[in-house]
Amino acid sequence: MAKAEQVLKLEPATELRFRGSFTTVVTANLKLTNPTERKVCFKVKTTAPKRYCVRPNSGFVEPHGVVEVAVMLQPFEYDPKEKSKHKFMVQTMFAPEGEVDHETLWKEADQSAFMDSKLKCVFDYVEEGEAKHVENVGTNESENLSKEQPPVAKTSKTETLAVESTVIAPTQNSSYADPGVEVPTSTKSLLDSDERRVMNEEIEKLKTEKTILMAETVRLRKNVDQLSSPATQASSSSVSVVPTENSSVNLPPMTIAYLILALIFGVVIGKFIV
């Protein structure tokens with residue numbers, strides 16, 4: 001039995017074009033328009049669920065409504081000799097009346113009511129500097145793109161936030177699977193080797209300073225214990241000190257020791273806060 005014709009209008013209609021150096025997340029936009037009088041539920045699937053993230057990857061399109069879907073290609077090492085075989089499928093059906101649970105709806109629905117549209121993925125490689133220029137131009141002109149000119153890839157900082165990804169296993173009798181909704185944690189940290197090396201050197205330096213300060217603290221504690229012993233106090237009390245006219249006030253040894261300890265701990269805490 002032939003499937004029903006797709007009721008949603010897709011822009012672009014046949015292919016998703018990704019343009020960039022592919023060293024960072026590259027985004028292609030998919031516009032879903034519902035020209036009917038009924039609510040339509042949709043689900044986006046792909047043949048390569050680990051390579052893409054889609055937001056939103058499912059939901060509803062209200063009557064005469066529009067939903068913007070962002071399809072994010074994860075960073076990878078681009079090979080110009082390798083042609084992309086990745087495909088996407090937008091699966092839809094009319095939503096029943098009343099409140100419905102989206103996940104339960106797809107599991108219990110009659111598959112003969114499903115409508116689908118397939119799009120292939122196209123990779124346009126450009127140098128990193130040129131990719132940034134294309135990104136800026138695409139941001140300003142994205143609202144004016146037509147079907148003949150698919151959206152230019154854009155990369156935003158929010159797309160690299162560290163969030164948990166959800167990849168659903170492919171359904172039976174289908175090579176398509178639900179992509180993740182968010183960017184995988186594997187791409188959340190893109191620090192280069194120089195930055196990591198500087199950070200490691202700074203950490204080792206702080207550890208060394210901490211060790212030296214701890215050794216100095218132990219030495220000062222021993223001095224404090226010696227100063228606070230009865231024999232030391234007795235010998236100190238037997239020594240008479242005649243202050244001169246310009247001499248400063250002499251503090252007790254215990255007070256000096258505690259001041260030195262407070263200064264050392266303040267330096268240690270300040271280092272770790274910074």
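Since the model is a prediction, treat every value here as computed from it, not as a measurement.
The cluster map of Ile, Leu, Val, Met, Phe, Trp and Tyr, joined by side-chain heavy atoms under 4.5 Å apart, puts Val66 and Val54 in different clusters. Linking Ile, Leu, Val, Met, Phe, Trp and Tyr whenever their side-chain heavy atoms come within less than 4.5 Å leaves Leu73 and Val122 in two separate clusters. Hydrophobic clustering (ILVMFWY, side-chain heavy atoms < 4.5 Å, transitive): Met93 and Leu30 are in distinct clusters.
At distances below 3.5 Å, not a single donor-acceptor pair connects side-chain atoms of Ser21 with backbone N or O atoms of Glu127.
Figure legend: cation-pi geometry between Arg19 and Phe123 absent, as NZ or CZ is not positioned both under 6.0 Å from the six-membered ring centre and within 45° of its axis.
Between Asn34 and Leu8, some side-chain heavy-atom pair lies under the 4.5 Å cut-off.
In this structure, the separation between CG on Leu16 and CG on Leu119 is 5.0 Å, given to the nearest 0.5 Å. Atoms CD and OG1, on Gln6 and Thr92 in that order, are 3.5 Å from each other to the nearest 0.5 Å.
Not a single salt bridge (Lys or Arg N to Asp or Glu O under 4.0 Å) links Lys118 to another residue, sequence neighbours left out. Every residue two or more places apart in sequence or in another chain was checked for a salt bridge (Lys or Arg N to Asp or Glu O under 4.0 Å) with Glu68, and none qualifies. Qualifying side chain to side chain donor-acceptor pair (under 3.5 Å) partners for Thr47, counting only residues two or more places apart in sequence or in other chains: none. Partners of Phe42 by ring pair (Phe, Tyr, Trp, His ring centres under 6.0 Å), not counting sequence neighbours: none found. Tyr125 pairs by the ring pair (Phe, Tyr, Trp, His ring centres under 6.0 Å) definition with Tyr78, not counting sequence neighbours. Applying the side-chain contact (heavy atoms from CB on, under 4.5 Å) test to Val7 and every residue at least two apart in sequence or in another chain returns Thr36, Val40, Phe94, Met115.
Taking all atoms of both residues into account, the shortest heavy-atom contact from Pro96 to Val100 is CG-CG1, 3.4 Å. Phe22 and Phe18 get closest at one heavy-atom pair: CZ-O, 3.7 Å.
A perpendicular orientation is assigned to the rings of His86 and Tyr52, their planes being inclined by more than 60° (bins at 30° and 60°).
Within 6.0 Å of CD on Gln111 lie no more than 12 heavy atoms contributed by other residues, nucleotides or ligands.
Taking a cutoff of 4.0 Å between a charged side-chain nitrogen and a carboxylate oxygen, Lys9 and Glu11 do not qualify as a salt bridge.
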